[in-house]
Each structure stands twice: as C-alpha cells, then as structure tokens.
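For reference, the structure discussed in these notes is given below.
If you're wondering where the values come from, they're calculated on a predicted model, not measured in any experiment.
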Amino acid sequence: MAEEETVTSLKSEIATLRARVNELEAENAELAARMANCCCDQKGAQQLGESEVECRSSLEPSGERNSGGAETKKTRRKKRVAEISSYDSRTVSHCPRRYVALKVMYFGPRFYGFASEAQMEPTVESEIFKALEKTRLLVTNKKEAQYSRCGRTDKGVSAVGQVIALFLRSKLRHLNSNTSDSRENFVDGQNEEEIDYVRVLNRALPRDIRIFGWCPVPVDFHARFSCLGRGYKYLFWSGTLDLQAMETAGKKFVGEHDYRNFCKMDAANVHNYVRRIDSFEISPSDLRFQGNQLFAIKIKGSAFLWHQVRCIVAVLFMVGEGLESPDLVDTLLDTSRTTRKPQYAMASEIPLILSSCDFEGLKFTCSSVAEQDLSVHLGNECRTYQLQAAIYNEAMLSCMRPTDKHNGESFVKIRGKASHIPLMSRPTEPSYEERHAKLKLRDAGGS
C-alpha cells in the first residue's frame, strides 16, 4: 500500500514537472521570437533612464524569485546592473541599424586626448563607447561599426564641433544597412520617428562630454576623409600684447605653405608638411578680468599637422610681446632657407578648442527636448565654473596688498626682452631629411 502511494506521488510530481517544462519551453520560444524581431519594451527603456531599448535574449532565472513567485525590487535592480555590465553586442545584432554622424562637445582638461588608442585613461572616445554600450546603441564591435573620427585632439584640448560616424541601432525597420547603394540610409523626414540619439547618449555620458546633434549619412561617409575643413579657436587674455602685430603676423599664414617649422615632426608617418590655411583672425569677446579682455585666435584650414596650431600661437605670442618681428613668420615658412626648426615651447593646450568640422550636405538635428536638456546642463556647468573662478578670485584678493586691490594690479607676467633668446639664434631640431635618413638607417640595421 505504501509503495502504491509513493508511485502515485512520484507520477504526480513528474506530471507537474512536465507541465512546468512545457510552460518554460513556450516562454523560451516567445522570448526567442521577440529577440529575433528586436521587439524592445518601453518598460525596460524607462528603467534604464529612457536611454536604451532592450532586446531580451535569455530566460529569467527562476531562482531569483521570492516565495510568492514575484521578483523583488532588489533582485530586479541587481539583474539590471548585471545586464548592463555584461553587455554583448550580439544581443542587439539582429536589430535594424543605420549609419549616422554625431556632433560631439567635450571639455578637455580631464582627458588624455580624444582617441582611445592613447596609453592613458580616460579618453573622450573610450567614454563615448562606454555610453554606447550602456545604452545598447552599438550593434556590433568598433571595427564592424565602420567607426571614424574627424579630429584626433591631444591631451587637454577641448571641442565643440568634433564629428564621429558609425552604425547605431535604429527603430526604422525598413532600412537596409547592407545595401550597395551608399545613399540608401540617407532618408529625410523620418528623424522624428527615430531613437533620440542625442538625449539617450547625453543621459549616459559624463558631465564634460555631450552630443550636440546627429545626422544620417551614406555608408561611404568617413568623418576624417569626407571633411572639407576644420576650424580651431585659441583663447587668451589681451594683457599688454600687441594685437595689431599679432594680426599682421597671423595673416602671413593664410594660403598654402610648408609648416614643418610649425609642428611636432613625425618623420616616420608624415612625409608631406604642406597645408592650406583658409582664414585667420583675432576677435574679442565680452569677457573681462582685471582690465584684460578675452580674445580668440580663429584659424580655419583643410587639415592640420600634429601640434600645428599650438606652435603657430606660440610664435604669435612672441610677436605680441614684442620679442620677435612679424617677419619671423616669413622666415620660418621659407623651408629652403630655414631647413631646421628652432627650439621653442608650444602654447598651452588648455585654451585650444576644435570649433568646427565642415562637411557637404550635413545638417545635424536635435529634438526640442534634448536641446532644452543641453541648454540647462551647459548653463549649470557655466555657473559652476564661474563660482569656482569667484572662489579663486577671493583667494587672490586675500593675498594682495591693499594698494594692489585698489589699483586692480594684474598678476599677468610678460617675459622681458633681456631674458629672451631670439628664435633664429636658438639651437635647432634635426631636419626632416636628417630624421628620415636616420629612420632608414635604423630599419636597415634591424633587417
């Protein structure tokens, strides 16, 4: 009798388990179908700060439920964090995608340059890709996404007009990202139906990086090689600088010249140092401090060499301080006469801004909500830095003599002519030909 009861009980348990297996198989099939169609639920997007549209790829673990059969808040939160940290592009690889360009702003002092190939972290690029993975907008790896960047700014340099391009996940299912027609994804009038890339990414990015806009581009677009021109600004306080002399010297750069004496030479990779500068101007701003007005050197050109702008500005400052003549620019640009670059320090990287990258036909867009969020964020950042400046000003005033406070005496120091060594009398760096010959000799010895 006892054996019959045991057999009956086991049969009942087996039937229950089979029924549960059938339920799980049905649920698994349903979720697999959702993944294949990339049906992303709005609830998951809201839980990730409305920043991602999630594609479910696996069954929920049945062990993470309480005795009532419902997940606790703590369990759901832990699982959400785990999903983000274990991001795998394969979970969204079946989603529609489109090739887009993004306009990027960043405040440079915290970063070791833009490119993630740098040996140090953080870089602007690495932070952007963290945000792309967190929001699940990246549908594949960096190489397969056809990623490209317009400029590769150095450590400490900022930008308000950097441009990058890559494939991102899309809500528009009719797009064919694999088409041979390069204009297939360049569709107007559908941006309102698309993911709000600007708002989504800005919610995931650190405070000193922001996306300003996005634009659909053809698949043969390249952020670097499709660029028609780039613009830089260099901010500086007027002090006692001779702005007219600086303007005169700066105009000499306009046109096509050999800039090997105005850059950091990379003889191993760069063999042509001719570049074209289209415009140069020095313009004032409304900001003043201790009687000094803030000015900006604006330079636009087709392309720039490594540290070219900072070398140009360094020479202009020498001219503005009366330490060198504007004619020095002509001498340095004449590479047949000045074959070796005199040794001089570059201008600081902090005031340098990549202000614009120009392309044919690109119109960056931004939703009204994202634009408002941007305005509020940037306004808050401005007020924060102005408060910090006010604190430093208070500290400066506290260590000044009373007479200095009344006179508004500035702490800006200009080098005296007595300590300045004329540029053309200084030691020089090896010429390009000497560097190149040394590299060939080294390569021959290594082989």
Under 3.5 Å: donor-acceptor pair, side chain of [X], backbone of [Y]:
X: Asn261; Y: Leu332; answer: yes
X: His377; Y: Arg207; answer: yes
X: Glu125; Y: Ala115; answer: no
X: Arg337; Y: Leu333; answer: no
X: Ser158; Y: Gly108; answer: yes
X: Asn393; Y: Ala389; answer: no
X: Arg435; Y: Pro430; answer: yes
X: Arg426; Y: Ile421; answer: yes

Please round to the nearest 0.5 Å and tell me the distance separating atom [atom1] of [X] and atom [atom2] of [Y].
X: Leu387; Y: Ile391; atom1: CG; atom2: CD1; result: 6.5 Å
X: Ile297; Y: Phe280; atom1: CD1; atom2: CZ; result: 5.0 Å
X: Glu360; Y: Cys227; atom1: CD; atom2: SG; result: 12.0 Å
X: Arg169; Y: Tyr197; atom1: CZ; atom2: OH; result: 8.0 Å
X: Gln162; Y: Phe114; atom1: CD; atom2: CZ; result: 4.5 Å
X: Lys298; Y: Leu235; atom1: NZ; atom2: CG; result: 10.0 Å

Just wondering, more than 12 heavy atoms not from [X] lying within 6.0 Å of its [atom1]?
X: Arg110; atom1: CZ; value: yes
X: Lys142; atom1: NZ; value: yes
X: Gln343; atom1: CD; value: yes

Less than 6.0 Å separating the ring centroids of [X] and [Y]?
X: Phe304; Y: Tyr259; answer: no
X: Phe236; Y: Phe317; answer: yes
X: His257; Y: Phe253; answer: no
X: Phe212; Y: Phe364; answer: no

Next on the checklist: My understanding is that only one of Glu433, Glu434, Glu429 makes a salt bridge (charged side-chain N to carboxylate O under 4.0 Å, His left out) with Arg340; could you say which?
Outcome noted: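 In the set Glu433, Glu434, Glu429, the residue that makes a salt bridge (charged side-chain N to carboxylate O under 4.0 Å, His left out) with Arg340 is Glu434.
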Item to check | Trace of the side chain to side chain donor-acceptor pair (under 3.5 Å) decision for Arg288 with Gln293 | outcome: CA-CA 4 Å; Arg288 290 181 176 271; Gln293 189 172 8; 3.2 Å; yes
Return the minimal non-hydrogen interatomic distance between [X] and [Y], and the atom names on each side.
X: Ala314; Y: Ala347; value: CB-N, 3.7 Å
X: Lys171; Y: Glu194; value: N-OE1, 2.9 Å
X: Leu362; Y: Cys215; value: CG-SG, 4.1 Å
X: Val163; Y: Ala101; value: CG1-CB, 4.2 Å

Lys/Arg-Asp/Glu bridge criterion (N-O < 4.0 Å) met for [X], [Y]:
X: Lys130; Y: Glu127; answer: yes
X: Lys251; Y: Glu247; answer: yes
X: Asp278; Y: Arg276; answer: yes

If we ignore angles and hydrogens, is there a donor and acceptor under 3.5 Å between the side chains of [X] and [Y]?
X: Tyr106; Y: Thr153; value: yes
X: Arg383; Y: Asn380; value: yes
X: Lys341; Y: Ser431; value: no
X: His420; Y: Glu324; value: yes
X: Ser367; Y: Asp196; value: yes

Next on the checklist: Here's a test for you: under ring pair (Phe, Tyr, Trp, His ring centres under 6.0 Å), which of Phe129, Tyr99, Phe167 qualifies with Tyr147?
Outcome noted: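 Option passing the ring pair (Phe, Tyr, Trp, His ring centres under 6.0 Å) with Tyr147: Phe129.
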Checklist entry - Would you call Arg199 and Arg203 a side-chain contact if the rule is heavy atoms closer than 4.5 Å? => result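 In contact.
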Checklist entry - Heavy atoms, side chains only, cut-off 4.5 Å: are Asp358 and Arg230 in contact? => result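 Not in contact.
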Checklist entry - side chain to side chain contact (heavy atoms under 4.5 Å, CB included) between Ile209 and Met105: does it pass, once the steps are laid out? => result CA-CA 6 Å; Ile209 304 177; Met105 167 268 166; over 6 Å; no
Item to check | Test log, rule side chain to side chain contact (heavy atoms under 4.5 Å, CB included), inputs Gln308 and Ile299 | outcome: CA-CA 11 Å; Gln308 181 181 344; Ile299 303 177; over 6 Å; no
Checklist entry - Is the Phe289 ring parallel, tilted or perpendicular to the Trp237 ring (thresholds 30°, 60°)? => result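 Rings of Phe289 and Trp237: tilted, as their planes differ by 30° to 60°.
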